[in-house]
Structures are given as C-alpha cells and as structure tokens.
Amino acid sequence: TALVAITLSLPATAAELTVGFSQIGSESGWRAAETSVSKSEAAKRKVTLKIADAQQKQENQIKAIRSFIAQGVDAIFLAPVVSSGWDAVLKEAKEAKIPVVLLDRDIDPSGKELYLTAVTSDSVHEGAVAGEWLAKTVGGKACNVVELQGTVGASVATNRKKGFDSVVAKNANLKVVRSQTGDFTRAKGKEVMESFIKAEGGGKTICAVYAHNDDMMVGAIQAMKEAGLKPGKDILTVSIDAVPDIFKAIAAGEANATVELTPNMAGPALDAIMAYKAKGTVPPKWIQTESKLYTAADDPQKIYDSKKGLGY
Ligand code: GYE
C-alpha cells in the first residue's frame, strides 16, 4: 500500500541503527563495566548493539570487524587491544562506507583517516596525574618506584608510562627501579608484584607502586600483604580506572590514589554516530573523557557504595 511505501522511504531512525562493537575481552573490572554500560547506553537509544568479545586477541578483533562489514552494520565500535596493525581492515570498513569509532584506546597515527572519531581519555595525562600525586606526596624524599604496565603494544600502556616518566624526569628523587607488564589483570599484577618484592629485598627497597590499572594494583596489594608488607603505608600506591574495589582498598588504608576513567565510552560514541547518520554531523576527531584523581580524602567508602552496581 501507499502507506508502506512512505514508511520505507523514510530515512533510518535511531531504532533501526545496528552497531557492531569489537570489544577486547574482560581483563579488568573497568572493561566489564564498559561492556555493560555500552549495552545499557545502546538500549536507552534503541540502538541494536552486537558485541564480539575478542578474548584479548587482535586477530579475533579483525575477524569480528570483517563479520560486521559482511552483515552491513551501520557503524563499528572498536576498542583496539594494540595500537598497530589496523590499516587493512579499517580500509575495508571505509570502502564499505561503515563509520568506525574507537573506544578507550587509540591506533597508530597512520590510521587517522580510517575512523570517524575516538572516545578516549588523555592517557599520557593520566600517567602524569599519577606521577604528580606521587611527587607531591613524597615531597623531596628519595622514592624507588616499581611499575606494573598494561598490555604490551596497547596505546594506553605506552601513554600511561610516558606520562608518568615525564614527571619522574622532572623529579630527581623519583626513580622507576622495575617496570614490567601485568597485562591489565589482577592475577598478573599479583604475580609480577611478587617477583618485584623478591628482587627488592622483600619489598624493603620499594617506596611506591604505580600500576596502569586498578585491577593490577588489587593483585599487587594482595602480594604485598602476603609478603607481610603494609600497602598504602609501607608502600604507596597509585593506579588508574577508579573501579569500586580500589575504593574499598583506599577506605581500608591499603591503597592511596586512583585516577578515574569513565566506563561510559559508548554513550558519547552513540550520540556521535546518531548525529552523523541522521544529519551528517561530523564529530570532532577526539571526544575526550575526564581524568580525575581520588584519594582517601574523597570519602572512598561513599564512592565505593555509589559505584557498585554501575556495571562493575
Ligand atoms: O584502563 C584497563 C583496561 O583501555 C582504557 O583497559 C582501557 C584500559 C583500562 O583493561 O583497566
């Protein structure tokens, strides 16, 4: 009928948008929250979100993207596990005229033309915020730091190291004595911290731990306690994400500081895609999220209570 014909000729409404999200995996509490918040943000906007879990493997992400292209999705969200190796598959998406939005991690500059926008924090700044807190807290005292890095090759690991190192370079009393990847997981964070403690006189020569995420710090806290050390007192801690469990540790005096990262990357990404699809509005190349420092002075128990149940 005529009515059907009219309906079919209307431009796609939000209700008809389908977005494929190539998610990294579930390595951290923050990641789990991002996945769950993405689902609710899509539901709020009546967007169909298809999430593919890559179990930390770039090859799985590439496969998922190709499958999303074959399905003819309206947009692709990508949380790139590492920063390199995306050019070929993102060119395929571009040729298929499917806009790509990066979530929470970046890709190499060579891929800049291959995505519409990136919703991320300034991860160099996050590392600097962590470093500045430590510099301020120890005053001018000599402080040997051990560092738990994120996933090797991930933009956020490279950048969080870079930002922290920039502060170390300006403070002669700070020294990073050991630095190794803990792959953003609790189990690896604990394991690597155990080896740091052994190598550093049972932990006696460690003044502070800097972890690229809270989950690794939660593992490191466990390692310190098992070694008879008092995290948060004998050894200072600073990490990134602001997951509920780190607030629990801060409230218990076993951790000192965290830099907050919102798990809601999908909300702004969906708004950008919907405006782009409906009106052709081109978003800024970078939609930056906030990075705020929290310590024991911020009522950690209250923050823990308010964050619990928000997808973590
Ligand atoms: O900080 C960490 C996660 O890419 C920003 O990945 C994200 C990081 C986050 O595993 O916990």
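We count residues from 1, following the sequence as given. Each ligand, and each atom within it, is numbered from 1 in the order the structure gives. Owing to the predicted nature of the structure, the values given are computational and were not obtained by experimental measurement.
- For the pair R186 and D245, the salt-bridge criterion is met [side-chain N within less than 4.0 Å of a carboxylate O].
- The immediate protein surroundings of ligand 1, defined as residues with any heavy atom under 4.0 Å of it, consist of E27, S28, W30, R31, D104, R105, V156, R160, F184, N213, D241, L261.
- Of the residues D108, T158, N159, the one that meets the side-chain hydrogen bond (donor to acceptor under 3.5 Å, both in side chains) test with S83 is D108.
- Taking the six-membered ring where the residue is Trp, F184 and H212 present tilted rings, their angle falling between 30° and 60°.
- Looking at E194 and K190, a side-chain N of the basic residue comes within less than 4.0 Å of a carboxylate O on the acidic one, giving a salt bridge.
- The one candidate from D214, T237, D298 that meets the side-chain hydrogen bond (donor to acceptor under 3.5 Å, both in side chains) condition with T258 is D214.
- The one candidate from D74, I76, I273, V19 that meets the side chain to side chain contact (heavy atoms under 4.5 Å, CB included) condition with P99 is I273.
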